[in-house]
Amino acid sequence: MPTLSSSLPTPTRVPRVAQVALWATRPFAFLDYCARRHGDAFTMQFPGMPPQVVFSSPAAIRQVFTGDPEVLHAGEGNAFLQPVLGSHSLLLLDRAAHLRQRRLLLPAFHGERMQSYATVMRDVTDAAVDRWALDRPFALAPELQAITLEVIVRTVFGIEQGPRLADFSRLLATFADSGNSPMLFTPPLQIDLGPRSPWGRVARTIREVDDALRAEVARRRAEGTAGRGDVLSMMLEARDEHGDPMTDAELRDELVTLLMAGHETTATSLGWALAEILAHPEVAARIDAELRAVAGDGPLEPAQVAQLPYLDATVREVLRLRPILPVVARVLKAPMEIGGYALPAGVMVMPCIYLTHRRPELYPEPEALRPERFLGARVDPYAWLPFGGGTRRCIGMAFALYEMKVVLATILRRARLSLTRGYVARVARRGITLAPSKGTPVVMHARR
Ligand code: HEM
């Protein structure tokens, strides 16, 4: 560990404007370059932003994830998402307000609840596989997005099958797409110049979603939540320490947040998982053997998902090798010592998911896909952090891991897929996530 120093870790020598360009276009190559030159900690500096201090040693990451949430703020860096997510969004809040929303939401995302969503996850995937063309190349990305969207609309929003499901899904898909709009990251462009102007269209979709959600919440309050297990029903039942329920505005903002945080992230991770599994026939064969041993020729039953250690290890290994977000971020509200550096208030601290996951002393031959690393192993939360950590750890982690297993098991059992000839997955930016290039093109040779 370096000796305590009162300055920031070594700044990268790359000019500031070039740093932003590299971050936008080749973030992993840029991070590799900085780590090769400067080691475990270094400072990036984008124009007009506070210094961004990147850490990749588990000891420093532990300090960030176990540090005082009063000092380490995550919400304020996301303020630019306010026009879409709303001011009550879990992603935007800090301190007591964050803790209140998080406590209200946590019970709905408890690991034990996931089994009740398994049937929907499996059926939605089955229906998607039924639609896929045989012997013709297609990109998996839009298919996986359609699956994760419908799963959220049914299990989180609690919309049942029927015409309302299609209407809701269409509206929310348009809305979720605006999450990739460059305008979202550039507030000066957010000017409503009428229904045909770019931000005007986004603003109208936001209003339509607000109206639809308000109507849905009113309907569900009137109907009551008895016998329902969806996330919205649990949010309607939740009470804070004063016995108060969530307000309509809070419900709206959290529903939209869960959609935006949970839909594309899971679809993109599934795209990486299939790209890696199909490129490694030995891994595909072991998953297949495990599925046959557990489920025979029948459909995968919810209780069987817990009996698939190799599939579970594969999912964790894919999230290690192919994290969809390179870093998580906290803004320091007071000076703090991290990794031997006395950091001043105002800097942004970034535990680096990508660089930590590529450390050879933690993961020998870090560039190889080796699910065995996670078989029967205890997962160190400061060395494996695709879902971030501490009081800000992804609230949907259990949901996403479970959904990835059910969707992968269903696809791999039903569809004989191969990557299109010559395809090698490269990293492509899609909004804030890093996705496999070309949307993972595949051919389906047979369907069961
Ligand atoms: C493979 C899929 C997913 C990945 C890789 C992922 C990753 C992440 C990461 C890195 C964070 C930030 C954590 C931090 O700052 O320490 C986060 C936060 C969050 N995620 Fe996920 N996520 C996924 C799926 C989901 C799903 C399915 C949902 C909900 C249905 C969800 C809801 C959220 C929410 C609400 C937060 C904010 C938590 C807070 O600030 O307290 N995510 N996620």
Side-chain angles (χ1 to χ4, degrees), residues 61-62 64-67 69 72-78 81 85-86 88-95 97-106 108-110 113-114 117 121 144-145 147-149 151-157 172 176 179 230-232 234-235 250 253-273 315-316 318-331 348-354 356-357 381-382 384-408 432-435:
I61 289 168
R62 180 193 195 102
V64 179
F65 286 168
T66 57
L72 293 147
H73 280 196
E76 95 179 46
N78 294 327
L81 295 168
L85 300 185
H88 304 284
S89 165
L90 194 64
L91 275 167
L92 268 62
L93 297 173
D94 283 303
R95 298 196 160 125
H98 172 257
L99 207 64
R100 174 176 186 274
Q101 290 297 319
R102 192 152 167 119
R103 285 206 183 115
L104 288 164
L105 288 172
L106 270 174
F109 287 95
H110 198 275
R113 294 217 34 79
M114 297 308 127
Y117 305 138
M121 291 168 175
L144 298 170
Q145 273 162 26
I147 292 173
T148 60
L149 179 74
V151 167
I152 289 197
V153 173
R154 289 173 63 180
T155 62
V156 174
F157 291 64
L172 292 182
D230 54 85
V231 172
L232 172 56
M234 299 200 62
M235 285 160 69
E250 287 172 332
D253 291 356
E254 298 316 350
L255 284 172
V256 163
T257 300
L258 295 171
L259 171 74
M260 288 302 205
H263 152 58
E264 182 136 347
T265 45
T266 312
T268 305
S269 297
L270 278 166
W272 277 120
V315 166
R316 288 177 194 272
V318 168
L319 291 164
R320 177 196 71 80
L321 185 63
R322 302 299 202 170
I324 56 161
L325 300 169
V327 292
V328 291
R330 309 284 186 264
V331 177
M348 204 175 250
V349 175
M350 292 183 155
C352 187
I353 302 174
Y354 168 72
T356 310
H357 286 184
Y382 311 114
W384 185 79
L385 45 145
F387 296 98
T391 55
R392 305 305 294 229
R393 195 185 73 184
C394 174
I395 207 167
M397 176 170 126
F399 189 98
L401 289 173
Y402 196 88
E403 179 173 3
M404 284 182 72
K405 285 186 271 186
V406 174
V407 173
L408 288 173
I432 60 160
T433 62
L434 298 167

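Read the numbers this way: they start at 1 and go in the same order the structure lists the ligands and their atoms.
Remark: Ile61 CD1 to Trp384 CH2 distance equals 14.0 Å, nearest 0.5 Å. Distance check, rounded to the nearest 0.5 Å: CG of Leu401 to CZ of Arg316 gives 5.0 Å.
In the vicinity of Leu90, heavy-atom distances shorter than 4.0 Å reach the ligand 1 atoms 35 (C), 38 (C), 39 (C), 40 (O), 41 (O). Near Ile324, meaning under 4.0 Å from any of its heavy atoms, are these atoms of ligand 1: 5 (C). The Arg102 neighbourhood of ligand 1 comprises atoms 38 (C), 39 (C), 41 (O), with distances under 4.0 Å to a heavy atom of that residue. For ligand 1, the atoms sitting less than 4.0 Å from at least one non-hydrogen atom of Gly389 are 16 (O), numbered in the order shown with element in parentheses. Atoms of ligand 1 lying under 4.0 Å from any heavy atom of Gly388, numbered from 1 in the order shown and given with element: 10 (C), 13 (C), 14 (C), 16 (O). Taking every heavy atom of Ser269 and a limit of under 4.0 angstrom, the matching atoms of ligand 1 come to 1 (C).
Residue Glu254 places no heavy atom under 4.0 Å from ligand 1. The closest approach between a heavy atom of Val156 and any atom of ligand 1 is not below 4.0 Å.
A salt bridge links Arg392 to Asp94: one of the charged nitrogens lies within less than 4.0 Å of a carboxylate oxygen.
The protein non-hydrogen atom at the shortest distance from atom 23 (C) of ligand 1 is Thr265 OG1, 3.6 Å.
Summarising the contacts of atom 7 (C) of ligand 1 with Pro386, Ala267, Gly390, the nearest heavy atom is found in Pro386. When Ala400, Cys394, Gly396 are checked for heavy-atom proximity to atom 17 (C) of ligand 1, Cys394 turns out nearest.
If you look at Phe399 next to ligand 1, the close heavy atoms, those under 4.0 Å, all belong to the side chain.
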Evaluation steps, side-chain contact (heavy atoms from CB on, under 4.5 Å), between His98 and Leu90: CA-CA 6 Å; His98 172 257; Leu90 194 64; 3.6 Å; yes
